[in-house]
Amino acid sequence: SLARSIPQLRLEVDLTETRLPEHIELALYRIAQECLQNVVKHAQATTARLTFTVEDDTAMLEIVDDGVGFNTLEHPLGIDESRGYGLLSMSERAELVGGRLNIRSRPGAGTAVTATIPLPPTRD
């Protein structure tokens with residue numbers, strides 16, 4: 001439903017059909033929502049790819065766009081007058097559930113945002 005709510009972007013979606021604890025699902029959804037809003041507002045991208053996987057004890061959400069990118073050395077969390085605090089907010093959401101956010105970007109080469117969340121052990 002999130003992908004359908006963003007008609008201005010061609011969005012490729014690859015989702016693992018695995019349910020997670022509700023607080024982790026909510027954090028990942030909000031991270032995806034904020035990231036895709038940033039792509040629409042700032043990246044000038046035509047295409048983005050959202051991938052969600054669960055392997056062993058880790059959930060990973062990755063969003064990669066073909067937009068203009070930015071210099072992560074100058075703006076490690078994308079914070080400047082034009083970008084606001086979206087990437088900082090996503091990073092904080094990941095940290096609240098024990099995870100981390102990684103941002104790879106450079107001018108002219110798009111951006112990749114990856115949230116990696118460790119999962120609690122499952123009960124047998």
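What you see is a predicted model, and the numbers here were worked out from it, not measured in a lab. Side chains included, hydrogens not; waters and symmetry mates left out as well; all remaining heavy atoms used.
- In this structure, the salt bridge (charged side-chain N to carboxylate O under 4.0 Å, His left out) partners of Arg10, at least two apart in sequence or on a different chain, are Glu12.
- Expressed to the nearest 0.5 Å, how far CG of Asn38 lies from CZ of Phe70 amounts to 8.5 Å.
- Results of the side chain to side chain contact (heavy atoms under 4.5 Å, CB included) test with Arg100 over Thr114, Thr116, Ile117 single out Thr116 as the only residue that passes.
- A search for salt bridge (charged side-chain N to carboxylate O under 4.0 Å, His left out) contacts involving Arg19 returns Glu25, not counting sequence neighbours.
- Hydrophobic clustering (ILVMFWY, side-chain heavy atoms < 4.5 Å, transitive): Val97 and Met60 are in distinct clusters.
- Between the CG atom in Leu101 and the SG atom in Cys35 there is a gap of 8.0 Å [rounded to 0.5 Å].
- Other residues, nucleotides and ligands place more than 12 heavy atoms under 6.0 Å from the CD atom of Gln8.
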(request) Check the pair Leu50 / Leu36 against side-chain contact (heavy atoms from CB on, under 4.5 Å), numbers first and verdict last. (result) CA-CA 9 Å; Leu50 183 151; Leu36 291 171; 4.1 Å; yes
(request) Please report the C-alpha distance between Leu15 and Thr53 in whole Å, then the side-chain angles of each, then the deciding distance to 0.1 Å, and finally whether the side-chain contact (heavy atoms from CB on, under 4.5 Å) criterion is met. (result) CA-CA 7 Å; Leu15 304 174; Thr53 58; over 6 Å; no
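- Put simply, the side chain of Ser91 never gets that close to the backbone of Leu88: no donor and acceptor are under 3.5 Å apart.
- Taken from CZ in Phe52 to CG in Asp14, the straight-line distance is 11.0 Å, to the nearest 0.5 Å.
- Cluster membership check: Leu87 does not share its hydrophobic cluster with Val64, using side-chain heavy-atom separations under 4.5 Å among Ile, Leu, Val, Met, Phe, Trp and Tyr.
- Atom CG of Leu61 and atom CD1 of Ile31 lie 7.0 Å apart (nearest 0.5 Å).
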(request) Please report the C-alpha distance between Ile6 and Val40 in whole Å, then the side-chain angles of each, then the deciding distance to 0.1 Å, and finally whether the side-chain contact (heavy atoms from CB on, under 4.5 Å) criterion is met. (result) CA-CA 8 Å; Ile6 306 173; Val40 169; 3.5 Å; yes
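- The CZ atom of Arg30 lies 9.5 Å from the CG atom of Leu2; values are rounded to the nearest 0.5 Å.
- With contacts defined as side-chain heavy-atom distances shorter than 4.5 Å, the pair Thr58/Leu119 does not qualify.
- Of the N and O atoms on the side chains of Glu62 and Thr51, not one donor lies less than 3.5 Å from an acceptor on the other residue.
- Taking CG from Leu28 and CE from Met90, the interatomic distance works out to 12.0 Å, rounded to the nearest 0.5 Å.
- The two atoms that bring Ala45 and Leu9 nearest to each other are O-CD1, 3.7 Å, heavy atoms only.
- Among the candidates Thr111, Thr72, Asp65, the single residue satisfying the side chain to side chain donor-acceptor pair (under 3.5 Å) test with Ser105 is Thr111.
- The two residues Pro21 and Pro120 come nearest to each other via the heavy atoms CG-CG, 3.9 Å.
- Partners of Thr46 by side chain to side chain donor-acceptor pair (under 3.5 Å), not counting sequence neighbours, listed by chain and number: Asp66.
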